[in-house]
Amino acid sequence: MPASLTPPLPMALQVEVTSACNLRCAMCLVRYRPPVNKLAGAMPLATLRRLIDDVPGLRRLTLQGLGEPLLAPDLLEMIRYARSRGIRVGFNSNATLLTRDRAEELVEAGLDWLHVSLDGADAPTFEGIREGARFDRVLANLRGLVEAKRAAGSDTPWLRVVFVAMRRNVAQLPDLVALLAGVGVAELRVQNLSHSFADTDPAGAYRQIREYAAEQALWTGADRAVAETAYAAAGRVAREHGIELRLPKAVESTRPGCGWPWDEAYVTSRGVVQPCCMVMGDDRVSMGRLGESGFGEIWMGPAYREFRRRLRDGDPPEVCRGCALYRGVF
């Protein structure tokens, strides 16, 4: 981790353009909170433009958070504005709303990458995790985007599928690799659950998602062997089909750490600036709020400096201790 507590403004940002979602996924905080209205949960276009203008060296912008970006009313305008400033832009989607028309709009707007969540190789497993989604529809939408790119003669957006590995689905990973080869997806990223939420009150507002993480996480005990068996089989299928496969580590790092607070920031749809995207919940930690302070003032401010100092000095904030990225198993 860098030594400086006041680094230059970041070259990358992740921005939650909406906190509304059309699904209730088992491992997501959205499932355990009241639904958010599509309009009420949207970040205003003017806020994003101001943020981009306040970070002149910005080179990469990820338009995602807890919500589904395709629900953001100004998504296409946000993409176009970022691209007009020479910024590479993309986001993660559940792809349930990725119709062929929408796919063509994203290609035309210049979206650089799109990551699609697909956590199973059959409908019962996938739909049991991503409540409200339809397996066949997501596959059809993936094919539609591949076709839209081909029709436009475009290499972008680069398409990657993301698989959240859990006890309930990890055995399906090899079959998913083979399935993606038939769809035309060339890259699969496998990741663990993002957080244990062990820093939260066991009886408090995060109780349900904390219990789910404890029940499904693969980073402890015999689950490591199960996961590694599935990963080895998936690796063989990936090599056979020419799929790029990224797998998480099963064993925690002996030297945990994180560079996020020096390199990037996460901003919620309500303008709360957080040290990373792994936190989940803008009530857990805040470096400041846009509208009350400018981004540069927040980035250089006392809350950020103290957060960086604790990470640098081996005394991480409580919110970091249960983070899979900090522990090296994401």
Side-chain angles (χ1 to χ4, degrees), residues 1-19 41-67 69-70 72-93 105-115 154-158 160 257-279 282 285-312 325:
M1 286 172 286
S4 174
L5 301 182
T6 53
L9 289 176
M11 298 177 66
L13 289 175
Q14 182 165 332
V15 180
E16 182 184 54
V17 291
T18 180
S19 55
M43 172 178 280
L45 178 59
T47 299
L48 182 76
R49 285 176 169 168
R50 238 181 349 258
L51 177 58
I52 289 174
D53 293 345
D54 283 348
V55 189
L58 190 62
R59 293 293 175 265
R60 179 181 173 93
L61 179 64
T62 304
L63 300 176
Q64 73 186 57
L66 290 178
L70 291 175
D74 297 316
L75 179 64
L76 291 174
E77 289 79 3
M78 291 173 167
I79 294 169
R80 292 184 182 114
Y81 188 73
R83 295 294 294 126
S84 74
R85 303 295 298 270
I87 300 166
R88 297 184 66 246
V89 59
F91 59 88
N92 193 92
S93 174
E105 290 174 340
L106 293 174
V107 172
E108 183 276 330
L111 189 71
D112 287 287
W113 77 88
L114 181 67
H115 298 170
S154 176
D155 292 330
T156 57
W158 174 255
R160 170 194 285 171
C258 177
W260 251 88
W262 284 266
D263 302 329
E264 192 167 352
Y266 176 73
V267 184
T268 75
S269 60
R270 299 196 301 171
V272 176
V273 179
Q274 295 187 297
C276 74
C277 69
M278 305 288 281
V279 171
D282 57 12
V285 60
S286 172
M287 303 292 101
R289 189 165 187 164
L290 300 180
E292 297 173 0
S293 304
F295 179 82
E297 182 182 356
I298 295 170
W299 181 256
M300 302 293 182
Y304 247 127
R305 291 200 303 272
E306 175 62 10
F307 199 94
R308 294 182 187 114
R309 184 197 65 76
R310 293 191 63 181
L311 278 173
R312 183 198 65 185
L325 186 62

Visitor: Rounded to the nearest 0.5 Å, how far does CG of Leu311 lie from SG of Cys258?
Guide: 6.5 Å
Visitor: Is there a donor-acceptor contact under 3.5 Å linking the side chains of Glu16 and Ser269?
Guide: yes
Visitor: May I ask you to test the Leu51-Leu58 pair for a side-chain heavy-atom distance under 4.5 Å?
Guide: no
Visitor: Considering all heavy atoms of both residues, which atom of Ser4 and which atom of Pro7 are nearest to each other, and what is their separation?
Guide: OG-N, 3.7 Å
Visitor: Measure across Val107 and Ser154 and return the closest heavy-atom pair with its distance rounded to 0.1 Å.
Guide: CG1-CB, 3.9 Å
Visitor: Taking the side chain as every heavy atom from C-beta outward, state whether Leu63 and Met78 have any pair of such atoms under 4.5 Å apart.
Guide: yes
Visitor: Could you tell me whether Arg309 atom CZ has more than 12 heavy atoms of other residues or ligands within 6.0 Å of it?
Guide: yes
Visitor: Against the six-membered ring of Trp262, is Arg312 placed for a cation-pi contact (under 6.0 Å from the centre, within 45° of the normal)?
Guide: no
Visitor: Just say parallel, tilted or perpendicular for the rings of Trp299 and Phe295, cut-offs at 30° and 60°.
Guide: parallel
Visitor: State, yes or no, whether a side-chain contact exists between Leu290 and Ile298 at a heavy-atom distance under 4.5 Å.
Guide: yes
Visitor: What residue among Leu48, Ile87, Asp53 forms side chain to side chain contact (heavy atoms under 4.5 Å, CB included) with Tyr81?
Guide: Asp53
Visitor: Let's go through Thr47 and Val15 carefully: what are the C-alpha distance in whole Å and the side-chain angles of both, what is the deciding distance for side-chain contact (heavy atoms from CB on, under 4.5 Å) to 0.1 Å, and is it a yes or a no?
Guide: CA-CA 11 Å; Thr47 299; Val15 180; over 6 Å; no
Visitor: With rounding to the nearest 0.5 Å, note down the distance linking CD in Gln64 to CG in Leu114.
Guide: 9.5 Å
Visitor: Hey, could you give me the CZ/CG distance between Phe91 and Leu111, rounded to the nearest 0.5 Å?
Guide: 5.5 Å
Visitor: Is it true that a side-chain atom of Thr156 and a backbone atom of Trp158 form a donor plus acceptor pair closer than 3.5 Å?
Guide: no
Visitor: Report yes or no: does Gln14 contribute a side-chain atom to a donor-acceptor pair with the main-chain N or O of Tyr266 at less than 3.5 Å?
Guide: no
Visitor: At their closest point, which heavy atom of Ser293 faces which heavy atom of Glu297, and how far apart are they?
Guide: CB-OE1, 3.6 Å
Visitor: Enter the distance from Met11:CE to Glu264:CD here, rounded to the nearest 0.5 Å.
Guide: 11.5 Å
Visitor: Start with the C-alpha distance between Thr62 and Val89, add both sets of side-chain angles, then the distance that settles side-chain contact (heavy atoms from CB on, under 4.5 Å), and finish with yes or no.
Guide: CA-CA 6 Å; Thr62 304; Val89 59; over 6 Å; no
Visitor: Within the distance-only criterion (no hydrogens, no angle test), does the side chain of Arg305 pair as donor or acceptor with the backbone N or O of Met300 below 3.5 angstrom?
Guide: yes
Visitor: Can a donor-acceptor pair be found, under 3.5 Å and without considering hydrogens, that links the side chain of Arg289 to the backbone of Arg270?
Guide: yes
Visitor: Under 4.5 Å between any side-chain heavy atoms of Ser19 and Thr268, yes or no?
Guide: no
Visitor: Specify the closest pair of heavy atoms between Val273 and Ala265, including all atoms of both residues, with the distance to one decimal.
Guide: CG1-CB, 4.4 Å
Visitor: How long is the span from the CD1 atom in Ile79 to the CG atom in Leu61, to the nearest 0.5 Å?
Guide: 9.5 Å
Visitor: Are Phe307 and Val285 close enough that some pair of their side-chain heavy atoms sits under 4.5 Å apart?
Guide: yes
Visitor: Measuring only between side-chain heavy atoms, which start at C-beta, is Asp112 closer than 4.5 Å to Arg83?
Guide: yes
Visitor: Between the main-chain N or O of Ala12 and the side-chain N or O of Arg60, is there a donor-acceptor pair closer than 3.5 Å?
Guide: no
Visitor: Could you tell me whether Glu105 and Arg80 have a side-chain N and a carboxylate O separated by less than 4.0 Å?
Guide: no
Visitor: Kindly give the heavy-atom pair with the smallest separation between Gln274 and Tyr304, and that separation in Å.
Guide: O-OH, 3.5 Å
Visitor: Which value, rounded to the nearest 0.5 Å, describes the distance between Leu66 atom CG and Thr18 atom OG1?
Guide: 10.0 Å
Visitor: Check Leu9 against Pro56 and note the closest heavy-atom contact, atom names and distance.
Guide: CD1-CD, 4.2 Å
